[in-house]
K.L.:
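Mind looking over this structure? Questions follow.
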Amino acid sequence: MLKEACRVIQQVREKKPLVHAITNYVTVNDCANILLGFGASPAMVEIIEEVEGFTAIAQSLYINIGTLAGEQKSSILLAAARASELHIPVVIDPVGVGAIPSRADYVLNLLKNYNISIVKGNLGEIKVLAGLDASVRGVDSIDDGAGAVDACRTLAEKYNTVVVASGVQDIISDGKRVALVDNGTSLLSLITGSGCMLGALAAAAAAVEKEDFLKAAATAVLAMGLSGETAAGLLSGEVLPGTFRIKLFDQIYSLSEQVILEKGKLSWL
Amino acid sequence: MLKEACRVIQQVREKKPLVHAITNYVTVNDCANILLGFGASPAMVEIIEEVEGFTAIAQSLYINIGTLAGEQKSSILLAAARASELHIPVVIDPVGVGAIPSRADYVLNLLKNYNISIVKGNLGEIKVLAGLDASVRGVDSIDDGAGAVDACRTLAEKYNTVVVASGVQDIISDGKRVALVDNGTSLLSLITGSGCMLGALAAAAAAVEKEDFLKAAATAVLAMGLSGETAAGLLSGEVLPGTFRIKLFDQIYSLSEQVILEKGKLSWL
Amino acid sequence: MLKEACRVIQQVREKKPLVHAITNYVTVNDCANILLGFGASPAMVEIIEEVEGFTAIAQSLYINIGTLAGEQKSSILLAAARASELHIPVVIDPVGVGAIPSRADYVLNLLKNYNISIVKGNLGEIKVLAGLDASVRGVDSIDDGAGAVDACRTLAEKYNTVVVASGVQDIISDGKRVALVDNGTSLLSLITGSGCMLGALAAAAAAVEKEDFLKAAATAVLAMGLSGETAAGLLSGEVLPGTFRIKLFDQIYSLSEQVILEKGKLSWL
């Protein structure tokens with residue numbers, strides 16, 4: 001899988017896929033910058049009169065429900081419908097479904113009615129979508145991880161999608177296969193947007209890897225985790241969240257095949 | 001007070017309070033990152049159907065009227081009402097009340113009708129709310145400071161709240177006591193969001209120090225001023241606003257008891 | 001022109017013009033920070049009840065249609081009308097007119113009905129507004145540049161405005177004169193917001209140089225290009241988009257007359 005992740009990243013850099021993002025206004029700038037650093041071409045288009053036309057020219061759609069302000073609640077439905085129709089990959093980031101029950105209904109409705117390629121949440125969010133109890137603090141997961149793999153597998157199988165649950169160990173499943181990734185750094189939890197950026201990268205990867213969305217999702221998880229590790233490694237052991245965040249943008253651009261192959265820690269369950 | 005500020009910061013780091021923020025879209029990312037660095041758990045939730053339920057699970061509410069876009073004007077009222085009802089601390093940042101008269105009415109209405117723990121503005125904004133003349137340039141204060149202490153005291157007393165007026169010297173008053181803080185750096189005025197971030201920190205501090213909001217406010221002022229000083233001190237005398245901003249996020253995380261006790265400059269009037 | 005650019009920058013730093021910005025939520029924080037670093041005083045005000053009053057007290061208006069969320073589509077019209085009436089310089093950034101046809105209509109309507117001082121787009125956007133075919137990828141231009149100068153000249157002449165087409169070589173024309181600027185760095189295309197920031201700087205420059213908007217536009221182009229070059233030069237040859245972006249904010253503040261005069265590459269066609 002590590003070799004295949006290298007190939008997917010290479011494809012993103014060559015094809016520069018147009019990723020249509022409808023996302024929260026807290027971390028939207030981070031999502032745009034991480035997509036540019038990854039080699040993709042981000043565009044945030046969300047007003048109702050523009051959204052369907054734009055989805056139609058994009059190579060993938062990234063939906064993040066972090067704030068749902070303005071017309072997003074409606075335009076996300078329009079974009080998801082159009083993407084489904086045109087077989088354009090869709091990644092959903094179910095921010096806040098743990099703390100806000102109506103959001104869970106909103107996301108489950110998307111999963112039921114449209115072809116969703118990848119659902120990327122923190123573990124608390126994934127558990128809630130899978131119908132399980134979970135521990136969350138606002139938009140953050142403080143879940144201990146019990147039953148995590150089952151939650152991912154169940155949710156993926158039920159909606160014929162790929163599920164990513166981010167955490168100390170990231171879990172990726174398409175309902176049958178389960179991949180575990182042990183890269184990353186605790187510094188990622190000290191900055192806002194690390195989850196959103198991972199979702200955005202998954203959308204970029206899915207744009208060039210339409211055959212196997214688990215592969216696309218794993219590529220994004222590896223890219224984020226390894227870029228995070230490399231960025232953290234440049235801090236000489238200090239915990240500097242601001243500097244780390246900037247170096248993360250540097251490293252996603254610089255991420256090399258060598259680092260992926262040597263340091264990637266992906267295992268199959 | 002310096003020792004008590006240390007204790008408040010320690011409490012934030014231990015309890016990781018959930019801070020519900022309804023804020024402007026210009027500096028929202030900065031507010032989220034500074035709250036994470038400070039040890040709190042930020043969440044931006046503002047659409048009408050979600051806002052009251054979320055306030056109810058938060059440990060404090062941060063209201064910033066910098067842009068008031070979308071449903072914010074209504075949802076802020078709902079959130080403030082719910083927070084008042086549940087005795088959840090509320091911090092208001094009255095951005096732009098100096099330049100936009102209708103905003104002053106909006107904020108005064110909040111002060112009249114709800115329990116507002118802390119009002120944090122620049123000096124021009126505080127003077128306008130206190131019914132005095134003030135010099136402002138857009139959302140910035142260019143006031144010379146005459147009558148500043150009286151403005152803070154009067155406003156605090158009138159609405160039974162704590163007032164923070166940020167400036168070269170920060171003033172904090174609950175209507176009776178007046179604390180002056182002489183920390184900080186002129187670099188803070190070269191980046192956007194330093195005022196907003198201070199307000200966000202005050203909300204985090206108020207979440208864990210509900211007995212004495214002056215103490216919470218002073219903690220936030222000291223934390224911001226000292227982190228700013230330390231960050232500026234790392235620039236070797238150069239004026240580098242971009243680098244300073246990143247180091248500010250580093251330093252808020254690293255802020256130590258020793259720095260607070262040795263470098264904090266708080267005096268009582 | 002290089003000497004005149006120095007004078008314009010000096011004026012911005014002395015007068016600290018209030019720049020009223022109605023812009024997209026993706027790069028709004030970058031626009032605010034670059035304006036502060038340049039010496040201007042940014043304020044983002046966009047709700048309908050506030051917008052006209054605020055335009056009236058501003059020294060220039062920056063309109064960027066990158067997201068057009070909420071009330072922006074209406075409030076931009078109100079702000080542009082008020083600015084036209086009061087002879088306040090207006091800069092338009094026609095983000096996305098290449099990919100979203102309705103946006104081109106929206107911008108052409110602004111150009112027809114109001115006094116627009118400067119239109120700043122990437123080459124693809126400028127060509128579309130000039131009625132020519134162009135190659136775009138989402139909000140990015142991938143146009144090869146054929147016919148670029150004619151597009152700028154034609155558009156500027158038709159609407160009695162100044163046109164800036166950003167690209168490897170930046171083109172600035174008022175319909176008669178054509179200036180070419182060969183500063184900048186490819187790193188600017190690896191971060192989001194470099195185009196938006198250029199537009200914001202043009203608005204700051206236009207606020208203090210109302211006699212000749214070509215001069216104002218050229219100043220902004222030189223400032224952005226040279227700050228980008230200096231920032232890139234600090235990276236020891238590495239491609240580090242995150243670090244570059246932060247150093248760009250540092251360098252816009254530090255930009256000296258000496259650098260402009262020695263390294264500015266502006267030629268007249």
Side-chain angles (χ1 to χ4, degrees), chain A residues 13 15-60 67 69-72 75 200 227 231 234 242-254, chain C residues 23-33 44 46-47 65-74 95-106 124 136-142 186-197 235 238-250:
Chain A
R13 289 174 179 168
K15 294 186 181 173
K16 301 189 183 309
L18 177 57
V19 178
H20 178 192
I22 305 179
T23 187
N24 71 76
Y25 69 93
V26 183
T27 64
V28 59
N29 185 273
D30 298 330
C31 289
N33 273 317
I34 207 87
L35 283 168
L36 282 167
F38 198 48
S41 184
M44 283 65 186
V45 176
E46 68 175 54
I47 62 174
I48 285 174
E49 65 185 282
E50 297 179 348
V51 75
E52 289 171 288
F54 202 83
T55 299
I57 62 166
Q59 273 83 56
S60 67
T67 44
E71 304 173 23
Q72 286 192 343
S75 63
S227 300
L234 296 170
T243 302
F244 168 72
R245 181 170 160 260
I246 299 311
K247 291 190 183 297
L248 180 66
F249 291 113
D250 291 342
Q251 294 307 318
I252 202 85
Y253 178 85
S254 309
Chain C
T23 187
N24 69 76
Y25 68 93
V26 184
T27 65
V28 60
N29 185 273
D30 298 329
C31 288
N33 272 317
M44 283 63 187
E46 68 175 55
I47 63 174
I65 62 164
T67 43
L68 282 178
E71 305 173 23
Q72 286 193 344
K73 236 175 162 170
S74 302
V95 180
V97 295
I100 304 171
S102 61
R103 290 200 188 175
D105 296 337
Y106 183 81
V136 296
R137 182 191 287 124
V139 296
D140 299 319
S141 175
I142 49 174
S186 60
L187 275 155
L188 286 165
S189 64
L190 290 178
I191 60 170
T192 191
S194 53
C196 306
M197 289 190 268
L235 300 182
E238 289 187 271
V239 180
L240 305 170
T243 301
F244 167 73
R245 181 169 159 263
I246 299 310
K247 291 190 183 296
L248 180 66
F249 291 113
D250 290 342

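A note on names: the letters A, B, ... follow the listed sequences, proteins ahead of strands, and every chain is numbered from 1. Just so it is clear, the values below take in all heavy atoms, side chains as well, and ignore hydrogens, waters and symmetry mates.
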K.L.:
Which residues in residues 30-38 of chain A have any heavy atom lying under 4.5 Å from a heavy atom of chain C?
P.N.:
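From residues 30-38 of chain A, the residues near chain C are A:Ala32, A:Asn33, A:Leu36.
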
K.L.:
Hey, is the main chain of C:Ser186 close enough, under 3.5 Å, to the side chain of C:Ser189 for a donor-acceptor pair?
P.N.:
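A pair under 3.5 Å: yes.
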
K.L.:
Looking at C:Ile100, C:Val139, C:Ile246, which one has more heavy-atom pairs under 4.5 Å with chain A than the rest?
P.N.:
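Option with the top pair count is C:Ile100.
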
K.L.:
Name the option with the most non-hydrogen atom pairs under 4.5 Å to chain C; the candidates are A:Gly70, A:Ser41, A:Ala43.
P.N.:
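Most pairs with chain C among the choices: A:Ser41.
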
K.L.:
Would a 4.5 Å heavy-atom cut-off, applied to side chains only, mark A:Tyr253 and C:Val239 as touching?
P.N.:
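Of all side-chain heavy-atom pairs linking C:Val239 with A:Tyr253, at least one is under 4.5 Å.
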
K.L.:
So among C:Thr192, C:Ile191, C:Asn29, C:Val28, which one has a side chain to side chain contact (heavy atoms under 4.5 Å, CB included) with A:Asn29?
P.N.:
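Single pass found, and it is C:Thr192.
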
K.L.:
Does a salt bridge link C:Lys73 with A:Glu49, judged by any charged N lying under 4.0 Å from a carboxylate O?
P.N.:
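Looking at C:Lys73 and A:Glu49, the cut-off is met.
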
K.L.:
Taking heavy atoms only and a threshold strictly under 4.5 Å, list by residue number the residues of residues 50-60 of chain A that touch chain C; give 'none' if the list is empty.
P.N.:
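Checking residues 50-60 of chain A against chain C gives A:Glu50, A:Phe54, A:Ile57.
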
K.L.:
Check whether C:Gln72 reaches the backbone of C:Ile65 with its side chain - one donor and one acceptor, N or O, closer than 3.5 Å.
P.N.:
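Such a contact is absent between C:Gln72 side chain and C:Ile65 backbone.
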
K.L.:
Okay, side chain of A:Ser75, backbone of A:Glu46: is any donor-acceptor separation there less than 3.5 Å?
P.N.:
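Yes.
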
K.L.:
Less than 4.5 Å apart, any side-chain heavy atom of C:Leu235 and any of C:Leu187?
P.N.:
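In short, these two side chains touch, coming nearer than 4.5 Å.
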
K.L.:
How close do A:Val26 and A:Thr67 get, heavy atom to heavy atom, and via which atoms?
P.N.:
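For A:Val26 versus A:Thr67, the nearest heavy atoms are CG2-CG2, 4.0 Å.
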
K.L.:
Pick one of side chain, backbone, both or neither for A:Tyr25, based on which atoms fall under 4.5 Å of a heavy atom in chain C.
P.N.:
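Both backbone and side chain.
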
K.L.:
Under a 4.5 Å cut-off applied to non-hydrogen side-chain atoms, are C:Leu188 and C:Phe244 in contact?
P.N.:
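Sidechains of C:Phe244 and C:Leu188: in contact.
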
K.L.:
Side chains of A:His20 and A:Val45: does their closest heavy-atom pair fall under 4.5 Å?
P.N.:
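SC-SC contact between A:His20 and A:Val45 confirmed.
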
K.L.:
With a 4.5 Å limit on heavy-atom distance, are the side chains of C:Arg137 and A:Lys16 in contact?
P.N.:
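A side-chain contact exists here, since the closest heavy-atom pair is under 4.5 Å.
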
